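Beneath this line is the structure, given in structure tokens, with notes to follow.
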Amino acid sequence: MSVYYDAATILGSESRAGSLKSRIYDNKLGLGSKPTHLYALISEAAKYDNFLKQVIDAANFLAQEPKLTPVLALLLVHDYFFAKGGIAASANHHLRHAIERHKARLQAEFTRARLKKKCATVEQLKVLLLSEKSPSHRSAPRWIRINTLRSTLEQELATTFKDYKLGAPVLEIACAPAGAKILAIDEHVPDLLALPPDANFTKTQAYTDGAIILQDKASCFPAYLLNGDPAEAEMIEDCMDGCAAPGNKTTHLAALVHLTTRRNINIFACEKDDRRSKILMTMTNKAGAGNVSVLERQDFLALNPQDPRFVNVTHLLLDPSCSGSGILGREDIPALALPIDPKSQQSKGSTPSKGSKKRKRGLEALVQSAVDAVETTADSFAEETKETTYDLARLQKLSILQAKIVQHAFAFPAATKVTYSTCSVHVEENEAVVAKVLGSTIAKSRGWSVLKRQDQISGLQKWVHRGAEKGMNTGTLELDDEAREACIRCHPGDEHGTMGFFLCGFVRNKSDPLHVVTSQAESGQDEEGWEGFDD
Ligand SMILES: C[S@@+](CC[C@H](N)C(=O)[O-])C[C@H]1O[C@@H](n2cnc3c(N)ncnc32)[C@H](O)[C@@H]1O
């Protein structure tokens, strides 16, 4: 069976549940094509669908080809013009003939449409078409953090990325094909690179050695904010990552504190889920983060802040479970703009799947590691799961849990700095949580306040997107301007090429005599109690 028929089956109306990747790799449809080939064909065709539809409609040949459906035509014409090897079918295959019979007309319409777009080459055309896609369809760069526990930026630029041209704009990189040798050194976070979205580095030595880590730019903000500038970082004693798996932020923090002169900083990494605890162990070992102590299957809320092990914990990083609404849907089954079908006299778009309630970003793929995965194995170690439906009740439940986690962190006796982050775009999980914890008894009694913008590490001070405007906050929990300005937001799919993300830092002035530590606060007993919460 041809890859084109298989792709059409996946995109067909009967087979739309689940993510694109799961549809391909679960192979419940009995498809015979190589998964890598299928995935590449569908995701590439989806990038240029509007243009291809226009060319096919103008060439107007579908009525003469009874075996060509609009989906098949789009996929075949994509490969005819854009794939390196052209149409992937033998010289006498009927699908190839169905396109080649009309090649003069197709070529003329393709050239006309390309020139109308003022593009001298097909490569220029591809870049332009990608940049024209709406933000939700636009790719974000592949962000790569250099793990300074294993390597340096200079070393990686001279080896893994030695053929790459530096300094391309992020938008150009986000639109570049996998093979484009361009990259940018990030302007906000040190040791972070932007590369073309589909570039695959999982087969490189650097990846195998843990010298490079695939991590979204926004996900690098929390550890960078928590660590602060070099002078401030010298004040760090022990750290706690309360919700750590798979460990991207934990290993980033480990790398940052390693740059201080203090050699005995311990990072406790707490993870309540059994399977994710194992991933966390794997990740910290691979990254060479020897200063991380993993607390396996440990609920952060069940930790006693007074435990003598945590007496020196000064810095806490909190990145709890959230709705994942900021995660860019790389895996979604694309809704293709299809050519007009003269046989049915109507043009049908393929509607995106409402899909399963929870879309795992690849933990399944970890288990089925034998599968010939297209995407990187690192994507299997997803930081968060994206939920596809949100209702207010669910968001409020998450919000309560998130606020409890932050308030629990406030109770650690030596704590002076806490970061709270989510990959959610919802105010309920973000500014509303900040407002709630600032108003809590424990925050007031222990002197916790927001880490003001002017006191943030320079790269994040200059980050433009701050907390949601007044009036967007929910209920009575409004933040004042200073607190709103202290919040950091990343908007998914904008020109910065990040996922949707939220971050807020909190600091405590230990020496302030006004903030007498009450025994109630020290033991973590806020008026709401600490019974724990299961989401
Ligand atoms: C958003 S993910 C963390 C991603 C991680 N910070 C990273 O950068 O790789 C949230 C994790 O926290 C864990 N978690 C949620 N609530 C927890 C709790 N109360 N105690 C410990 N772990 C928790 C979840 O199982 C999940 O693995």
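Each ligand, and each atom within it, is numbered from 1 in the order the structure gives. Not measured: the values here are computed from a predicted model. Start at 1 with the first residue, then count along the sequence.
Compare S277, G242, A245, A269 by their heavy atoms: the one nearest to atom 4 (C) of ligand 1 is in A245. Checking M283, R276, Q402, E271 against atom 25 (O) of ligand 1, the nearest heavy atom belongs to E271.
Residue-ligand proximity, D299 to ligand 1, at heavy-atom distances under 4.0 Å covers atoms 18 (C), 19 (N), 20 (N). Which parts of ligand 1 touch K249 is read off a 4.0 Å heavy-atom cut-off, strictly below it: atoms 6 (N), 7 (C), 8 (O). Ligand 1 places these atoms under 4.0 Å from at least one heavy atom of G247: 7 (C), 9 (O). Ligand-side atoms of ligand 1 in range of Q298: 20 (N), 21 (C), range being under 4.0 angstrom from any heavy atom. When each atom of ligand 1 is checked for a heavy atom of S321 under 4.0 Å away, the hits are 10 (C), 15 (C), 24 (C). When each atom of ligand 1 is checked for a heavy atom of F300 under 4.0 Å away, the hits are 18 (C), 19 (N), 20 (N), 21 (C).
H465 has its ring centre less than 6.0 Å from the ring centre of H496. For F506 and Y420, the ring centers are positioned 6.0 Å apart or more.
Of the heavy atoms in A244, only backbone atoms (N, CA, C, O) come closer than 4.0 Å to ligand 1. Using a 4.0 Å cut-off between heavy atoms, C322 makes no contact with ligand 1 at all.
One distance of note links CZ of R309 with CG of L303; it measures 6.5 Å at 0.5 Å rounding. Between D191 atom CG and L153 atom CG the span is 5.5 Å, to the nearest 0.5 Å. Note that CE of M240 is 12.0 Å distant from CG of L253, once rounded to the nearest 0.5 Å.
Cation-pi check for K249 over Y224 is not met; the charged atom does not lie both under 6.0 angstrom from the ring centroid and within 45 degrees of its normal.
An N or O contact shorter than 3.5 Å links D319 to ligand 1 by distance. Residue contacts with ligand 1: I405 is placed with no nitrogen or oxygen under 3.5 Å of a nitrogen or oxygen of the ligand (distance criterion only). In terms of polar-atom proximity, defined here as any N/O pair under 3.5 Å, N248 does make such a contact with ligand 1. Ligand 1 has no N or O atom lying under 3.5 Å from any N or O atom of L301, backbone or side chain. Here's the thing with D273: none of its N/O atoms is less than 3.5 angstrom from an N/O atom of ligand 1.
Checked for salt-bridge contact, D481 and R453 miss the test: no charged N lies under 4.0 Å from a carboxylate O. Using a cut-off of 4.0 Å between Lys/Arg side-chain N and Asp/Glu carboxylate O, R484 and D480 are scored as not salt-bridged.
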Check the pair I212, F201 against side chain to side chain contact (heavy atoms under 4.5 Å, CB included), reporting the backbone distance first and the verdict last. CA-CA 9 Å; I212 60 172; F201 289 91; 3.9 Å; yes

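For the ligand labelled ligand 1, residue H252 lies outside the 4.0 Å heavy-atom shell.
R262 places none of its side-chain heavy atoms less than 4.5 Å from the side chain of I236.
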